[in-house]
**Q** 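Quick one: this structure, given as structure tokens, is what I'll be asking you about.
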Amino acid sequence: MKFFDVPTRSREQFVNITAQVQQAVQALGIADGVVTLFVPHTTCGLTINENADPHVVSDMLRQLDVMVPLRQAFYEHSEGNSAAHIKASLMGCSLQVLVTCGHVDLGVWQGIYLCEFDGPRARRVWVQ
Ligand code: ZN
């Protein structure tokens with residue numbers, strides 16, 4: 001297993017981690033197979049989506065805000081970050097990606113994103 005750290009800079013942010021995942025795959029010496037990415041956190045997630053137009057991820061963040069408002073009268077979690085927990089579960093805490101000839105196999109328009117919902121924080125991504 002390898003890991004790498006991702007410092008996030010704002011409360012909500014999608015960070016493209018494709019290059020770090022590729023480096024971890026090379027460090028693991030995997031030629032062909034499948035790697036699992038996992039974030040050991042409860043208020044961030046992982047997703048694969050468009051890497052070209054940055055408006056795709058900003059639109060996703062805005063739509064998630066519509067679906068999961070920051071404040072709700074019925075939220076009871078004392079930490080005050082229920083929206084971040086809910087969004088993290090919507091994105092999921094793990095991904096599987098294919099590796100072919102030592103390279104992470106993605107579509108040309110795809111990137112791997114760490115989805116921060118309660119930053120800024122130091123996040124960690126496990127790769128196995
Ligand atoms: Zn919490």
**Q** Tell me whether V127 shares a hydrophobic cluster with I48, the cluster being built from Ile, Leu, Val, Met, Phe, Trp, Tyr side chains joined at under 4.5 Å.
**A** yes
**Q** Does any non-hydrogen side-chain atom of M60 lie less than 4.5 Å from one of N49?
**A** yes
**Q** For the backbone of N81 and the side chain of Y75, can you confirm whether one donor and one acceptor N or O come within less than 3.5 Å of each other?
**A** no
**Q** Tell me the closest heavy-atom pair linking E50 and Y113, and the distance in Å.
**A** O-OH, 2.8 Å
**Q** Out of curiosity, Q72 CD to I86 CD1, how far, rounded to the nearest 0.5 Å?
**A** 8.0 Å
**Q** Which heavy atom of T8 sits nearest to which heavy atom of P120, and what is that distance?
**A** O-CB, 3.1 Å
**Q** I'd like to know whether CD of Q128 has more than 12 heavy-atom contacts from other residues, nucleotides or ligands below 6.0 angstrom.
**A** no
**Q** Testing the basics here: between N51 and V108, what is the closest heavy-atom pair and its distance to 0.1 Å?
**A** ND2-O, 3.4 Å
**Q** Can you confirm whether V57 sits close enough to T47 that some side-chain heavy atom of one is under 4.5 Å from a side-chain heavy atom of the other?
**A** no
**Q** Looking at every non-hydrogen atom in both residues, tell me the closest pair between F117 and A84 and how far apart they are.
**A** O-CB, 3.3 Å
**Q** Donor-acceptor check, side chain of D105 to backbone of V99, threshold 3.5 angstrom: yes or no?
**A** no
**Q** Kindly work out whether a path of hydrophobic side-chain contacts (I/L/V/M/F/W/Y, heavy atoms less than 4.5 Å apart) joins L90 to L37.
**A** no
**Q** Taking the side chain from E116 and the backbone from D118, do they hold a donor-acceptor pair closer than 3.5 Å?
**A** yes
**Q** Could you report the tightest heavy-atom contact between L64 and K87, atom names first, then the distance?
**A** O-CE, 3.6 Å
**Q** Out of curiosity, T36 OG1 to L95 CG, how far, rounded to the nearest 0.5 Å?
**A** 9.0 Å
**Q** Whether the side chain of D5 engages the backbone of R124 through a donor-acceptor N/O pair (distance < 3.5 Å, no angle test) should be reported.
**A** no
**Q** Do the side chain of Q22 and the main chain of G102 share a donor and acceptor less than 3.5 angstrom apart?
**A** yes
**Q** With a 4.5 Å cut-off on side-chain heavy atoms, are V21 and F4 touching?
**A** yes
**Q** Any link between F3 and I112 through a network of hydrophobic side chains (Ile, Leu, Val, Met, Phe, Trp, Tyr) touching at under 4.5 Å?
**A** no
**Q** Using modelled atom types and a 3.5 Å cut-off, is there a donor and acceptor pairing between side-chain atoms of R71 and backbone atoms of G80?
**A** yes
**Q** Ignoring hydrogens, what is the shortest heavy-atom contact between V35 and I30? Give both atom names and the distance.
**A** CG1-CD1, 3.3 Å
**Q** Given side chains that start at C-beta, do those of L70 and E12 come closer than 4.5 Å, heavy atoms only?
**A** no
**Q** If Ile, Leu, Val, Met, Phe, Trp and Tyr residues are connected whenever their side-chain heavy atoms lie under 4.5 Å apart, and connections chain through other members, are V15 and V104 in the same group?
**A** yes
**Q** Is H41 close to R121 at the side-chain level, that is, under 4.5 Å between some pair of heavy atoms?
**A** no
**Q** Following the transitive rule for hydrophobic clusters with a side-chain heavy-atom cut-off under 4.5 Å over Ile, Leu, Val, Met, Phe, Trp and Tyr, establish whether M67 and V56 coincide in one cluster.
**A** yes
**Q** Which distance, rounded to the nearest 0.5 Å, do you find between the CD of E79 and the OG1 of T42?
**A** 7.0 Å
**Q** Is any side-chain heavy atom of V6 closer than 4.5 Å to a side-chain heavy atom of V39?
**A** no
**Q** Does the pair R62 and D59 meet the rule for a salt bridge (charged side-chain N to carboxylate O under 4.0 Å, His left out), with working shown?
**A** CA-CA 5 Å; R62 286 197 192 97; D59 286 351; 3.5 Å; yes
**Q** Parallel, tilted or perpendicular, judged at 30° and 60°: which one describes the rings of H85 and H77?
**A** perpendicular
